[in-house]
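Lettering of chains follows the sequences in order, A, B, ..., and the numbering in each one begins at 1.
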Amino acid sequence: MDLPKNYDVKKIEENWMKKWKETGIYRWDPLKTREETFVVDTPPPTVSGSLHVGHMFSYSHQDFIVRYQRMKGKNIFFPIGWDDNGLPTERRVQNFLNVRCEPSMPYDPNLKVFPGRKGSPLSVSRKNFIELCDQVIVEDEKAFRNLWTRLGMSYDWELEYATIDRHCRLISQASFIELYRKGEIYQEEKPVLWDIDYQTAIAQAELVDKEVPSAFYYFRFPFPNSSDYLVIATTRPELLPACVAVLVHPNDERYKQYIGKTILTPLFHVPVPIMGDEKADPNKGTGVVMVCTFGDQTDVEWWKQFNLPLRQIVARNGTLLHIEFVSNDGKLKHLSDTGHLVIPSLNPDKANEIYSQIHRLYTGNAKKVLVEVANQIEGVIDRPETHITHTVRFFEKGDRPLEIVPTRQWYTKIIDKKEALIEQGKKIKWHPDYMYKRYEHWVEGLNQDWCLSRQRFFGVPIPVWYPINEGGEVIYSKPIVPDIKDLPVDPLSDVPEGYKEEQRDKPNGFTGEPDVLDTWATSSLTPQIATHWFLNPERHKKLFPMDIRPQAHDIIRTWAFYTIVKAYLHDGEIPWKNVVLSGWILDPDRKKMSKSHGNVVTPEPLIEQHGADSVRYWSAKARLGVDTAYDEQAFRVGRKLCTKLFNASKFAIMQLKNIDKELLRKEAIQNPIDIAVINELKTCIQRATASFDDFDYAQSLMLTEEFFWSVFCDNYLEIIKPHVYQSEITNEKISACSALRFIHRAIVRLLAPYLPYITEEVWNWEYSNDKDMSPSVHKSPWPSMREFDGIAEEKYPGLYEVLIGLINPIRKAKTEANISLAAPINRIDVQCPPMFNEVCQILIKDVVAMLHVNEYSICEGNEKIEVFVHI
RNA sequence: GGGCGGUUAGCUCAGCUGGUCAGAGCAUCUGCUUUACACGCAGGGGGUCGCAGGUUCGAGUCCUGCACCGCCCA
C-alpha cells in the first residue's frame, strides 16, 4: 500500500471511527473470568446540561485507562449511560418548549408543542409533561452519543442505558423496596429543606451556601404590662408571626434573669416564653434570639428540644399563608374551621390588621412591607438596621433561598451508619489519595438522613400506594409496597394488588404516591444497573465490586457517597476498588466553566478544528485531580505530536518497505547504538507502565513523548540514516531496520491509549498482520519486557549518553557558526577519559557520518568527554 | 472558624522515597529551506522554586508559622 502524503486528520479519524463501529472491537466478552476483566463504573452524563470541554476532558481520562487495560489483555466492561431523569431535564423542557407541568390538568393525547413558542408558559398535564421530557432527551442523547464516538471513547455500546429507562426504573425501585423491607428506608413528616421555586424537598448533598447581603433589624419585644423590653436583632422580620419563643444564653449576665418569663412579639402581641440555651450566641446580634418555625436549622433543633408549637406561615410556594390571630381564651384550637392556622394574641385586631398587609406576599416582599409598617409605629424598631453579609442556604440549582417546611418525605437511614461508611471509604483506593479526606469529612459532617423523595415529575416513581380509610383519610403509615417481580410500577397509573382502578382516591380505596425519587437514588445504582444485579446474579457476581469509578471531584459528596451507601446497604460491599478523580476545566481566568458564567467552550468545533487526538492529548496532559485552565495552545501541541508521529512513522515504514521482511529479526540487532536505544526504550516502557498501573496516564504520556520525540526522532532516526540509506544489504542495515521496526512498533502502542486514531492508522500501514499482534493497535498487547527476549545484551552501558555527548557539541558549533547541520565540516578532535575510549571508537564513525565531519581524532583526556570542532 | 489542595521561567505546568532538579511545552530571540516532518531542526536568553524561621553535611523537596489563591464544610 502507498503511504498517504499528508496527515489528513479528518479523513483518518472518520475512517477509523466507522471501522471500529463495524468491527465492534470494544465489545465486552461475558464468557471471560473476573480476573481477566476490567470493570468500569462509567459516569452517566447529565444529558440536559450544556456540553462543554470539561466533559471531553474527564471522559478522555477514563478512556486512557481503559485502553491501556485493554492492551494489557483485559476484557473490558465499559458501559455508557445517560442521566436523563430529574430536574435538569424538566428545566430544559420548561425552557425549551415553554411549558409548565400542572398535575391537576387532564392528559391531552393530541398535545403538540414546538420549541420557540412565545408568551406565558403553557400548562400541561403530568403525563404530557413526562412525554415531552422523553422526547427532548432523545435528541440530547444523540448529541452526546455523537460526541463520545467522535472523541474515540471505547465504550461497548451494547451496554448503553438511560436512568429513566425501564431497566433503571426497575433496579431503582427494587433498591427502594429492598431497603424499605430491611428497615433502612422510612417516611416521616418533619421540617425539611424546601425549594419554593421547584416546590420540592432537597437533600443535604444538594445544598450550597451563598454569601448574600442582608441586614439585622432591631425589634423591641415588650414584656406584658410593663414598659420593659428586650431588643432582638433578626434578619428575618417577616417570620415574626411565626415566633414561638425567645432564647438567651443561660450564662449571659444581661439576660439570664428573664429566663422563664413571658414576652410579647412586637406588632402581633403574641406571648412567647423566654428560654435559656447554650446555642444562643451572646455575641451575635443583641444576644437575644427569636425562634420561628422555621428560619433555620437551629430553629428546628430548638423547636424539637423545647417541644414548641408549630406556626408554619410560609407556604410551599414561598408566600405567606392565611393565618388568624385570636384572643387567648385558654382553650385555643390550633386550626380554625377553615383549616388555617390560629395564633393567640393579646391584641388580635391589631395583629390581624398588620398581617393582612403581608399575607400572600413572598417572604422577601413581606420583609420589606413589615419593616415599613414597623417603622411607622412608635416603639417597635429600637434603632436603624445594620447591613451585613451572611451565608444563606440555597438549592444548588435554585435561585432563591431555601425555606424550611414540614412535609412528609421518604428517607434512607445514613446518620446511624457514619462510622461504617467511613470504613467503607477506607477500603477504596482514592486517586489522588488526598481525595479520600473529602469523602471522610463529608460523612463526618452529615446531620440528616438522606431525603429520597422529590415532589417532581420526571423521575423514577416511588413505588408505593397508600390505603384510604372509609373516612377518606390517607393512611400513610401503612404503605402498600409492590412485589419486586412486578416492577417497575407507576403508582399513578398502576393499581396495587387487591384493588381496582375505580377505587383510586376513593374512601376504602387507595392512592398512589405522587412523588419521585431523588435522581441520586437511581444514579447511586450505576454499578447495579450495569451488572443487572438480582436480575442476573451470576453476571452481578462477576462484575461487582467494579475496578474503577472515574468521576469529577465535585460529586464525591453525591455520586461517590451515595453509591458507597447503596453498595453497603445492599451487599455490605464496596462498589469499586478504585475511585479515579478528574479535575475541572477552568476558563483562562481560573473560573469554573459553567453555563451561568457564560464562559462555556463547546467541544464539537474543537474536535472539528484540531481533531479528536489533539483534544485527547490536551486532556492527557492534566494529572488526576488537578484543575486545569483552558488553553487553546495545548491543542496545537497535540496536533504537532500527531503530525510528528505521522511523519516519523512514514519515514520509518518507508525504510522497512525497502528491505526483505524475512531479514528483520530481533537477533539481527547487533549494532551497539541500536541496542543502546532499545535499552532506552526498555526503561521508558517500564516507567510508563508503572505510571499507568497507578492510573497516572499523564506521567506515562510524558515519558513516552520524551522518548519518541527526543530519543527516537531527533537522535536515533538521524544517526541510522547512513545505515538504512545504504543500497546494499549490510549487517549494519539489517540491524538498524530490525531495531527501527521493533522500536517504532512499541512507540505506536505506547501512544495508542491517547491518540487512538493516528496510532491505528499508522499501525495498519505495517503491523496489523504481525503474528504476535492484532489487526487493531487497540487490541494489540501493551509493550512488555518479554518482547525484549532475544535482543543482544548491552555491552556498553551508558553508550547512549556518550553518543549524545559527542553529537551535541558538534550541533552547537554548527549552529553557532550559522551553518546547516548538513553542511560538511573539517575536523573534530575528541578528548575522552580512558574508560570511554572504546565506546568513543565505536561511535565516532556513525557520529561523523551523521554530522558530515571529514576528519576526526580521539585522544586521551581527563574527567569528561570534550569535543573540539573545527569548522 | 475547620478541612483539603495550590503558590517553581512571561504563560501552562512537571519535579514521586531530601544529594546532576533548577526542568518541559508554549511564547521570545538567533541560525538552519537537511530527499520523514518549517505543524520541522539546532542553539540562546529567562527563575534567589510565595514569605520567615527550623532540621540536615546538604532543602522546591522534610518540619513550624505566616501570607495569598481555589475548593469543601460549619
Donor on one side chain, acceptor on other, A/Tyr716 and A/Asp674, under 3.5 Å: yes
Sugar-phosphate, base or nothing in reach of A/Asp554, heavy atoms under 4.0 Å: nothing
Side-chain N or O of A/Trp709 closer than 4.0 Å to phosphate OP1/OP2 of B/C41: yes
Side-chain H-bond candidate by donor/acceptor type, A/Glu444 with A/Tyr439, under 3.5 Å: no
Counter-base of B/U35, judged by Watson-Crick or G-U geometry with both distances under 3.5 Å: none
Listed partners of A/Asp8 passing salt bridge (charged side-chain N to carboxylate O under 4.0 Å, His left out), at least two apart: none
Carboxylate-amine/guanidinium contact A/Lys657 A/Glu766, below 4.0 Å: yes
Pairing partner (Watson-Crick or G-U wobble, both distances under 3.5 angstrom) of B/A9: none
Nearest-angstrom distance from the residue atom CD1 of A/Ile819 to P of B/C32: 10 Å
Sugar-phosphate only, base, or nothing, as touched by A/Cys713 at under 4.0 Å among non-hydrogen atoms: base
Integer-rounded Å distance: B/A42 P and A/His852 NE2: 14 Å
Donor + acceptor pair across side chains of A/Glu761, A/Trp16 (<3.5 Å): yes
Rounded distance in Å between the C1' positions of B/G47 and B/U64: 26 Å
Derivation and outcome, ring-ring contact (aromatic ring centres under 6.0 Å, His included), residues A/His744 and A/Tyr767: CA-CA 10 Å; A/His744 180 252; A/Tyr767 307 118; 5.6 Å; yes
Mate of B/C4 where both pairing distances stay under 3.5 Å, Watson-Crick or G-U: B/G70
Side chains of A/Arg549 and A/Thr563, donor plus acceptor under 3.5 Å: yes
d(CG, A/Asn647; P, B/C39) in whole Å: 11 Å
Residue A/Arg687 excluded, over 12 heavy atoms near CZ under 6.0 Å: no
Base orientation of B/G60, syn vs anti, 90° cut from 0: syn
Distance-only donor-acceptor check, side chains A/His553 and A/Ser582, under 3.5 Å: no
Sugar-phosphate only, base, or nothing, as touched by A/Trp618 at under 4.0 Å among non-hydrogen atoms: nothing
Which residue lies more 5' along RNA chain B, comparing A/Glu211 with A/Asp696 via nearest heavy atoms: A/Asp696
Centroid-centroid distance, A/Trp450 to A/Phe561, less than 6.0 Å: no
Integer-rounded Å distance: B/G1 C1' and A/His390 NE2: 18 Å
Watson-Crick/G-U partner (both atom distances under 3.5 Å) of B/G43: B/C29
Using a cut-off of under 3.5 Å, enumerate the N/O to N/O pairs linking the protein to nucleotides 43-47 of chain B.
{"unit_1": "B/G44", "atom_1": "OP1", "unit_2": "A/Lys812", "atom_2": "NZ", "d": "3.3"}

Proximity to RNA chain B (any heavy atom under 4.0 Å), residues of residues 714-729 of chain A only: A/Asp714, A/Leu717, A/Glu718, A/Lys721, A/Tyr725
Interatomic distance at C1', B/G54 relative to B/G15, whole Å: 24 Å
Distance between C1' atoms of B/U12 and B/C41 (Å, rounded): 24 Å
Other residues, nucleotides, ligands: >12 heavy atoms within 6.0 Å of A/Lys418 NZ: yes
Nearest listed nucleotide, side chain of A/Leu821, among B/U34, B/G40, B/C39: B/U34
Closest nucleotide among B/C39, B/A74, B/C32 to the A/Ser820 side chain: B/C32
Option passing ring-ring contact (aromatic ring centres under 6.0 Å, His included) with A/Tyr754 (candidates A/Tyr68, A/Tyr617, A/Phe692): A/Phe692
Between A/Asn15 and A/Tyr757, a side-chain donor and acceptor under 3.5 Å: no
Between protein and nucleic acid, restricted to nucleotides 16-25 of chain B and to nitrogen or oxygen atoms under 3.5 Å apart, what atom pairs and distances do you find?
none

Spacing of A/Asn283 atom CG relative to B/G1 atom C1', expressed in whole Å: 14 Å
Atom P, compared across B/C69 and B/U30: separation rounded to whole Å: 40 Å
Point-to-point distance, once rounded to the nearest 0.5 Å, from CH2 of A/Trp763 to CD of A/Glu760: 9.0 Å
Pairwise P distance, B/U7 and B/G43 [rounded to whole Å]: 30 Å
Rounded C1' spacing from B/A9 to B/U48 in Å: 13 Å
Any donor-acceptor N or O pair under 3.5 Å, side chains A/Gln305, A/Lys279: yes
Separation of B/C37 P from A/Phe712 CZ (nearest whole Å): 15 Å
Spacing of the P atoms in B/G10 and B/G50 (rounded, Å): 13 Å
B/U17 versus B/C62 - spacing of their C1' atoms, nearest Å: 12 Å
Using atom names, set out every protein N or O paired with an N or O of nucleotides 2-4 of chain B below 3.5 Å, distance rounded to 0.1 Å.
{"unit_1": "B/G3", "atom_1": "O2'", "unit_2": "A/His441", "atom_2": "ND1", "d": "2.7"}
{"unit_1": "B/G3", "atom_1": "O2'", "unit_2": "A/His441", "atom_2": "NE2", "d": "3.3"}

Pair A/His431, A/Asn578: side-chain N/O donor-acceptor within cut-off below 3.5 Å: yes
Scan the side chains in residues 815-826 of chain A for donor-acceptor partners under 3.5 Å anywhere in the protein, sequence neighbours excluded, and list what turns up.
{"unit_1": "A/Thr815", "atom_1": "OG1", "unit_2": "A/Arg811", "atom_2": "O", "d": "3.0"}
{"unit_1": "A/Ser820", "atom_1": "OG", "unit_2": "A/Ala822", "atom_2": "N", "d": "2.9"}
{"unit_1": "A/Asn826", "atom_1": "ND2", "unit_2": "A/Ile871", "atom_2": "O", "d": "3.0"}

Whole angstrom value for the distance that separates P of B/A74 from CG of A/Asp296: 13 Å
Sugar-phosphate, base or nothing in reach of A/Gln204, heavy atoms under 4.0 Å: sugar-phosphate
Atom-to-atom span, CG of A/Asp627 to P of B/U12 - whole angstrom: 14 Å
